[in-house]
Amino acid sequence: MKDYRMFINGEWTTARAGTTRDIINPANSELLARVPEAGPADIDDAVAAARRAFDSGPWRSITALDRGKLLFKLADLIRQKSDYLAELDTLNNGKPLVESKFDVTDAANCFEYYGGLATKIHGESLTVPANSFSFVVKEPIGVVGQIIPWNYPLLMAAWKLAPALAAGNCCVLKPSELTPLSALELAAMIKEAGFPDGVVNIVTGGGSPAGQALTEHPGVDKLVFTGGTVTGRKVMTAACVDLKRVSLELGGKSPNIVFVDADFEAAVDGALFAIFVNSGQVCSAGSRLIIDESIHDRFIQAVVEKTKRIKLGPGIDPETKMGPLVSETQRARVEGYVEIGKKSAAKLLIGGGRPGDKKFEKGFFVEPTIFDNVDNKSEIAQKEIFGPVLCVIPFKSEDEAIAIANDSPYGLAGAVWSTNVTRALRVIKQLRAGITWINTYHPTYNEAPWGGYKQSGFGRELGTYGLEEYLEIKQININLDEAPIAWY
Ligand code: NAP
């Protein structure tokens, strides 16, 4: 049990109101840590610190090269503590250790990737119809408020902070109230790396009032949010008041389409990984398996057989393949959808409950669950469940597969399995989604833009696109004529 403080203006602080929140291990409900519960006054402090650092601190005069070096240093520090950080994310979020280790490596790589990009922020010169030297420069936006969810605690912090800092912004980041620990450890590394005070502030607290106060704060120039669509709407509404810039990475209900000519074994494994990694708590999860009717029975049988082998347990046990859900509330939400599924015309093939073993009693476990013959119009196929629940939807033709895939309010991700490259590309081209794969599911690269179509949000993270989200564009025109304009 550790008592944490939050990180404001380079210092470790309690909440002004003295309030704290207990942080729980979802595998056994044990108390892991206590963190300050920030209120609006703490958000004021954090934004003021970021404002000072941006408006009058040394950050603006630090060269891009040195910003990059700080990010490289941070990546090194993360690698030095990678085992500790992975264990912490596993204890706090519940995910298997192997997944947390992957996240930590990815987070370090993300800081390094943007460290390299810090010196590659270029403008352009323009050919204009005047005797003018006209050009464009890109500048940091200012103070950014960043709000992240609980499913990838450290990695989401990296996705937010790395591009923002590379571009020269100052940040106030609020992790989820459920999983703030690795972000606070990251704050210690940010201090150790030598970032000036106030450049990064990490505030711990609930969506309301802390998150809400951040979205409404007039000192914030841009809001960058990852989370659910309902909260995303609130963030956007708050941003409207003073027209803050906004990027939203929201939910999904992504299609995973398997054609008759797919590599059978690879597609079976892909279908499982698509939905069950991180207990299905992945925005891009392949939660709708859209399967060619002609291979449906054989395919589903293979998927169910392999699902039986998924070993549930605490993420910290190296044998565990699937951990608990992040919280009791999340489990109740998922179980609510499972009940809706059971009452629908769909057929429950496997799972649908909690594991019986007594050792799971205090954790928030849900069995991997598969519903077959799901109507794509039904609630379990349209709503984001955000848990280990797969909806299987058969199709008769390529056109029907595409129509089903696109019949969703979301448009985050999608995949096609087929050895016919022409068909695979033809289908991918018609998917209304921002992240797509052929013959694989889930690989995510720091170099590639991440974000959705439709109600999955707008703006992109990662890649050079992610950097652009943190830059303003300024044109500069230098008159090369000596003669006065003499307009009047
Ligand atoms: P959430 O409930 O929307 O919360 C996300 C963040 O917003 C948390 O830090 C939360 O704080 C905060 N928040 C809640 N209410 C707020 C308000 N009124 N104003 C400002 N902030 C507020 O989402 P979640 O349950 O944590 O995460 C799951 C969702 O994230 C899923 O829908 C998933 O698809 C989405 N997601 C999307 C991506 C992507 O890249 N597209 C990636 C990961 C996750 P508290 O936690 O303290 O309430």
Side-chain angles (χ1 to χ4, degrees), residues 6 21 23-24 35-40 43 92-93 95 103 145-160 172-180 183 202-217 220 223-239 241 244 246-254 277-287 325-327 329-334 337 383-387 408-413 433-435 442 444 448-462 466 469:
M6 54 190 173
R21 178 186 289 267
I23 303 300
I24 302 297
V35 300
E37 178 72 2
I43 300 298
N92 194 176
N93 162 282
K95 66 174 69 185
D103 295 351
Q146 303 174 312
I147 298 177
I148 56 173
W150 40 258
N151 58 344
Y152 289 88
L154 182 70
L155 190 58
M156 286 293 110
W159 283 23
K160 294 284 175 285
V172 178
L173 178 122
K174 192 200 85 64
S176 164
E177 64 195 24
L178 299 171
T179 56
I202 309 238
V203 287
T204 52
S208 178
Q212 190 183 336
L214 185 56
T215 62
E216 291 171 354
H217 205 293
V220 173
L223 295 170
V224 186
F225 172 81
T226 296
T229 300
V230 172
T231 320
R233 274 194 201 101
K234 290 184 191 164
V235 171
M236 195 166 164
T237 305
V241 174
K244 291 183 178 71
V246 196
S247 302
L248 301 175
E249 301 288 344
L250 307 177
K253 191 77 189 180
S254 299
V277 69
N278 205 10
S279 302
Q281 303 166 120
V282 184
C283 54
S284 53
S287 47
L325 299 187
V326 74
S327 67
T329 310
Q330 185 63 13
R331 180 175 62 183
R333 192 183 145 196
V334 169
Y337 280 115
K383 296 271 171 65
E384 185 186 44
I385 299 176
F386 221 58
S408 166
Y410 296 109
L412 188 58
I435 305 153
H442 275 322
T444 301
W450 183 271
Y453 287 22
K454 301 194 273 182
Q455 291 186 34
S456 292
F458 45 79
R460 292 292 180 270
E461 299 200 279
L462 302 183
E469 297 280 330

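Order of listing sets the numbers, starting from 1, for every ligand and every atom in it. On a predicted model such as this, the values are computed, not experimentally measured, just so you know. Quick note: residue numbers are just sequence positions, from 1.
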Exercise. Any chance you could lay out the side chain to side chain contact (heavy atoms under 4.5 Å, CB included) test for I23 and R21, step after step, and finish with the verdict?
Key: CA-CA 6 Å; I23 303 300; R21 178 186 289 267; 4.3 Å; yes

Exercise. Can you tell me which residues line ligand 1 if we count any heavy atom under 4.0 angstrom from one of its atoms, in chain and number order?
Key: I147, I148, P149, W150, N151, K174, P175, S176, E177, G205, G206, G207, G211, Q212, T215, F225, T226, G227, G228, T231, K234, E249, L250, G251, C283, E384, F386, L412, W450

Quiz item: In chain order, what residues pass the side-chain hydrogen bond (donor to acceptor under 3.5 Å, both in side chains) check against D103, with sequence neighbours excluded?
Solution: K95

Self-check item: Side-chain heavy-atom pair N93, Y152 within 4.5 angstrom cut-off
Solution: no

Quiz prompt | Side chain proximity check, E249 to W159, heavy atoms < 4.5 angstrom | solution = no

Practice problem: Just do the side chain to side chain contact (heavy atoms under 4.5 Å, CB included) check on T215 and K244 with the steps written out, would you? | Solution: CA-CA 9 Å; T215 62; K244 291 183 178 71; over 6 Å; no

Exercise. Answer yes or no: is there a side-chain heavy-atom contact under 4.5 Å between F386 and Q281?
Key: yes

